[in-house]
Amino acid sequence: MPDLTLTFELLLFLVVIGGGAGVLAGLLGVGGGIVLVPAFFFTFHILGYDGPQVMQVCLATSLATIIVTSLRSVISHNRKGAVDWEILKGWGPGIVLGSIAGVLMVSSLRSVTLQMIFGVLALIVGAYMALGRSSWRIAEAMPSGSRKYFYSPMVGFLSALMGIGGGSFGVPLMNLHNVPIHRAVATAAGFGILIAGPSAVGFLFLNIEPGSRPPLTVGAVNIPSFLVVIAMTLLTTPLGVKLAHAMNPAPLKRAFGAFLILVALNMLRKAIVG
């Protein structure tokens with residue numbers, strides 16, 4: 001049982017992380033999960049929960065928070081008319097199927113494997129954020145037909161593997177297909193709901209062994225961490241949305257990309273060294 005001082009310090013840490021995740025969700029469309037997963041991993045390890053399924057708890061708790069964060073973000077963006085509902089309706093079924101496949105994959109892997117997967121994918125996302133350009137295009141319209149049926153499940157699958165919303169993969173995909181950045185960010189928040197909803201429900205039924213399960217964990221979702229982060233993101237996500245429509249987020253995105261590369265390398269180091 002952790003002492004009260006340590007618990008209070010970690011509670012404050014989660015408050016700060018939750019607030020930052022909410023701003024990022026609204027500003028960059030990344031859903032906050034790409035920050036929350038390593039933050040939860042660090043927190044649970046400090047508390048002494050480092051069993052072979054601890055990453056499942058991190059991913060599941062992150063996805064549970066993304067349901068609320070993304071919903072709040074979609075509502076805020078929709079008030080500004082920025083959400084592309086045609087893309088959401090067309091891509092929704094594939095994203096949901098992909099996220100379910102991702103949960104099934106996650107449930108069968110050990111924590112160290114999921115750390116490696118998160119680290120590699122986060123490196124790719126971070127590199128694109130740091131080095132990518134909004135002018136890059138591979139097509140003038142969103143994929144249709146067989147390409148849509150490939151890309152949409154892949155967005156859901158990879159996002160569920162990382163415990164993140166749809167922004168990290170959805171925003172670059174839409175931007176590369178000529179969707180304006182603010183519209184891509186707003187629509188990717190909808191991807192987050194489609195990914196996190198079925199994923200979090202699936203994780204509620206996952207059996208986690210005691211060494212990986214912090215107190216008050218239901219299935220793989222840690223309820224105290226969920227509540228603390230949600231309380232903060234509900235307050236700060238609208239601020240991120242306002243900033244997204246009031247400024248050019250490109251410089252911040254590059255800085256965050258560099259930070260994410262460092263986080264990914266640290267996750268890979270922990271997976272390799274232990």
Side-chain angles (χ1 to χ4, degrees), residues 21 24-25 28-37 55-56 58-74 77 83-109 113-114 116-125 128-129 138-139 142-177 179 183-206 219-221:
L24 288 172
L28 303 180
V30 296
I34 207 148
V35 173
L36 291 176
V37 170
M55 266 302 273
Q56 276 91 338
C58 299
L59 300 177
T61 306
S62 171
L63 285 163
T65 67
I66 288 168
I67 298 173
V68 182
T69 303
S70 294
L71 181 61
R72 185 69 180 270
S73 185
V74 165
H77 280 298
V83 179
D84 192 320
W85 292 102
E86 289 302 313
I87 292 177
L88 274 181
K89 288 187 289 185
W91 284 59
I95 288 174
V96 170
L97 289 174
S99 67
I100 293 171
V103 171
L104 294 175
M105 175 73 79
V106 167
S107 66
S108 66
L109 298 176
T113 305
L114 291 170
M116 293 289 291
I117 291 171
F118 182 92
V120 170
L121 293 177
L123 272 178
I124 295 170
V125 173
Y128 183 85
M129 284 187 166
I138 59 176
M142 286 291 285
S144 59
S146 60
R147 292 174 64 227
K148 180 176 75 173
Y149 297 128
F150 169 78
Y151 281 126
S152 58
M154 193 58 65
V155 169
F157 179 74
L158 293 177
S159 298
L161 278 184
M162 292 185 71
I164 63 177
S168 295
F169 296 108
V171 170
L173 178 67
M174 284 185 276
N175 198 222
L176 288 170
H177 288 85
V179 177
R183 199 161 190 80
V185 168
T187 307
F191 285 5
I193 299 171
L194 297 172
I195 293 162
S199 297
V201 170
F203 278 124
L204 288 173
F205 296 96
L206 184 62
V221 179

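In what follows, residues are counted from 1 in the order of the sequence shown.
Without hydrogens or angle criteria, Thr61 side chain to Cys58 main chain gives no donor-acceptor distance under 3.5 Å. A donor-acceptor pair is defined here as one N or O able to donate and one able to accept, closer than 3.5 Å; such a pair exists between the side chain of Ser62 and the backbone of Gly163. Under a 3.5 Å cut-off, the side chain of Thr187 and the backbone N or O of Asp84 do form a donor-acceptor pair.
Considering all non-hydrogen atoms of both residues, Ser99 and Ala160 come closest at O-CB, 3.6 Å. Minimum heavy-atom separation, Ser168 to Ile34: OG-CD1, 3.7 Å. The two atoms that bring Ala184 and Val179 nearest to each other are N-CG1, 3.8 Å, heavy atoms only.
Looking at residues two or more places apart in sequence or on another chain, you find a side-chain contact (heavy atoms from CB on, under 4.5 Å) between Ala186 and His77, Ala82, Val83.
Between Leu59 atom CG and Leu161 atom CG the span is 8.5 Å, to the nearest 0.5 Å. Going from atom CG of Leu173 over to atom OH of Tyr128 covers 9.0 Å, rounded to the nearest 0.5 Å. Expressed to the nearest 0.5 Å, how far CD1 of Ile67 lies from CG of Leu71 amounts to 9.5 Å.
In this structure, Leu109 and Ile117 have side chains that are in contact, with non-hydrogen atoms separated by less than 4.5 Å. Taking 4.5 Å as the limit, some side-chain heavy atom of Met105 sits within range of a side-chain heavy atom of Phe157.
For the side-chain hydrogen bond (donor to acceptor under 3.5 Å, both in side chains) condition, no pair includes a residue of residues 157-167, sequence neighbours left out. Applying the salt bridge (charged side-chain N to carboxylate O under 4.0 Å, His left out) test to every pair with at least one member in residues 87-105, sequence neighbours left out, gives these pairs: Glu86-Lys89.
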Could you list the donor-acceptor pairs under 3.5 angstrom formed between side-chain atoms of residues 146-153 and any protein atom two or more places apart in sequence or on another chain?
from: Arg147; atom 1: NH2; to: His177; atom 2: NE2; distance (Å): 3.4
from: Ser152; atom 1: OG; to: Lys148; atom 2: O; distance (Å): 2.8

Identify all side-chain donor-acceptor contacts of residues 189-205 below 3.5 Å with residues at least two apart in sequence or on another chain.
from: Ser199; atom 1: OG; to: Ile195; atom 2: O; distance (Å): 2.6

Full working for side-chain contact (heavy atoms from CB on, under 4.5 Å) between Met55 and Val37: CA-CA 8 Å; Met55 266 302 273; Val37 170; 3.9 Å; yes
